[in-house]
J.: 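Let me give you the structure first, and then I'll get to my questions.
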Amino acid sequence: MSDLSSGLPFLKGHGTQNDFVIVPDPDGLLDLGPAAVAAVCDRRAGVGGDGLLRVVRSAADPAAAAMADEAEWFMDYRNSDGSIAEMCGNGVRVFARYLVHAGLAKPGPLAVATRAGVRRVHVAADAADGTPGEVTVDMGTARLPGPDGIEVAVGGHRWPALNVNMGNPHAVAFVEDLAQAGNLYDAPATSPAGVYPEGVNVEFVVDRGPRHVAMRVHERGSGETRSCGTGACAVAVAAIRRDGADPAVTGEAVAYTVDLPGGRLVIEEFPDGRVAMTGPAVIVAAGTLDPALLG
Ligand SMILES: N[C@@H](CCC[C@H](N)C(=O)O)C(=O)O
């Protein structure tokens, strides 16, 4: 158990404006329950964030100890409502940026343990003018578990959707106009019932040009966010199949540009099914959390 009487150090970072509170806990001494996470992520009464990244040595956390030989650090990711998710694509890029920022890793290749398994990350060196290098993550392979006939509904609109699992669940719907998704204050309805027993992240997608799409997302546990890395991968995978460009069939790697409200990500898929995501990730602030916030 950690002594929190003098407060808890934190940092703030984002990847294409998907923003996270980063809490270093190298020795795994913190017990951050859902209420504490939600309080920290509250945009008015807390620091504010779409999620929280606890940075802990894999060997110090039972959820990651089995990955400790491969990845020194475990990304313990929580949504802003305090719920746990298996994976966060922007989160893992921001996590890697933090490790470099804190001197815990060097730019270049590094491995990060997540609940969805070890993810290989590459942090590019900063440019000569100080612009932070982009961060690429090998996101593993997408699963498309079906069934056929999934639909997403918002207001009076209803669209067919593809179930894409990137370690976490997604429903991808191609729409005519991103405004049709409305204000996205509430989670969109999905059918048939029972396809997503643990909840789902829902993506709305339009075409922008050849191999170029734009999307909005409603994230499970966080609401509408300005970017979602696993969501962008799910969208690219769905668009690649729709466009008949599946690398497992064509034998050719393919890259799609995905525009999100908070920025741009490039998603590649390779003939062996691996999906890679590249985009910016930055640290923007550091401070101390009032222990009262943590309950
Ligand atoms: N923003 C993330 C996804 C975070 C988890 C998601 N809300 C879930 O519950 O699955 C990303 O960048 O992938």
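All ligand and atom numbering here is 1-based and tracks the order in the structure. Residues: numbered from 1 along the sequence shown. The figures here come from the full heavy-atom set of this structure, side chains too, leaving out hydrogens, waters and symmetry mates.
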J.: Quick one: look up the protein heavy atom nearest atom 3 (C) of ligand 1 and list residue, atom name and how far away it is.
T.: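 For atom 3 (C) of ligand 1, the nearest protein heavy atom comes out as Glu219 OE1, 3.3 Å.
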
J.: Assess whether salt bridge (Lys or Arg N to Asp or Glu O under 4.0 Å) is satisfied between Glu134 and Arg264, documenting all intermediate values.
T.: CA-CA 11 Å; Glu134 296 219 307; Arg264 176 170 286 183; over 6 Å; no

J.: For atom 2 (C) of ligand 1, find the nearest protein heavy atom and state the residue, atom name and distance (0.1 Å precision).
T.: Cys88 SG, 3.0 Å

J.: With a 4.5 Å cut-off on side-chain heavy-atom distances among I, L, V, M, F, W and Y, is there a chain of contacts connecting Met139 to Val118?
T.: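 No; tracing contacts between hydrophobic side chains, which count when under 4.5 Å, never links both residues.
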
J.: Is it true that Met166 lies under 4.0 Å from ligand 1, counting heavy atoms only?
T.: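 Outside the 4.0 Å threshold, so no.
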
J.: Are any side-chain N or O atoms of Asp138 and backbone N or O atoms of Arg274, one a donor and one an acceptor, separated by less than 3.5 Å?
T.: no

J.: Test your reading of the model: is there a side-chain donor-acceptor pair from Thr225 to the backbone of Asn18, 3.5 Å cut-off?
T.: no

J.: For Asn168, counting its heavy atoms only, list the atoms of ligand 1 lying under 4.0 Å from any of them.
T.: 5 (C), 6 (C), 8 (C), 10 (O)

J.: Give me the residue, atom name and distance of the protein heavy atom closest to atom 9 (O) of ligand 1.
T.: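 Among all protein heavy atoms, the one nearest atom 9 (O) of ligand 1 is Arg220 NE, 2.8 Å.
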
J.: Any chain of hydrophobic side-chain contacts (each under 4.5 Å) joining Phe174 to Leu265?
T.: yes

J.: Can you list the ligand 1 atoms lying under 4.0 Å from a non-hydrogen atom of Ala85?
T.: 5 (C), 8 (C), 9 (O), 10 (O)

J.: For Thr230, counting its heavy atoms only, list the atoms of ligand 1 lying under 4.0 Å from any of them.
T.: 3 (C), 11 (C), 12 (O), 13 (O)

J.: Mark up the atoms of ligand 1 that fall under 4.0 Å of a heavy atom belonging to Asn18, in ascending order.
T.: 1 (N), 2 (C), 11 (C), 12 (O)

J.: So does Phe74 get a backbone contact from the side chain of Thr114, meaning a donor-acceptor N/O pair under 3.5 Å?
T.: no

J.: Output yes when the distance from some N or O of ligand 1 to some N or O of Gly229 is under 3.5 Å, and no in every other case.
T.: yes

J.: Can you list the atoms of ligand 1 that are under 4.0 Å from a heavy atom of Asn201?
T.: 6 (C), 7 (N), 8 (C), 9 (O), 10 (O)

J.: Distance only, no hydrogens: is a donor on one side chain within 3.5 Å (strictly under) of an acceptor on the other, for Thr230 and Asn168?
T.: yes

J.: Could you tell me which atoms of ligand 1, counted from 1 in the order shown, lie closer than 4.0 angstrom to a heavy atom of Gly89?
T.: 11 (C), 12 (O), 13 (O)

J.: Can you check salt bridge (Lys or Arg N to Asp or Glu O under 4.0 Å) on Arg43 and Asp19, steps first, answer last?
T.: CA-CA 11 Å; Arg43 293 197 183 278; Asp19 62 338; 2.7 Å; yes

J.: Counting only N and O atoms by type, is there a donor-acceptor contact under 3.5 Å from the side chain of Arg97 to the main-chain atoms of Ala281?
T.: yes

J.: If you count the atoms of ligand 1 from 1 in the order shown, which ones are under 4.0 Å from a heavy atom of Asn79?
T.: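 Here the atoms of ligand 1 in question are 4 (C), 5 (C), 6 (C), 7 (N), 8 (C), 9 (O).
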
J.: Non-hydrogen atoms of Gly221 versus ligand 1: any pair closer than 4.0 Å?
T.: no

J.: Which atoms of ligand 1 have any heavy atom of Asn90 under 4.0 Å away?
T.: 11 (C), 12 (O)

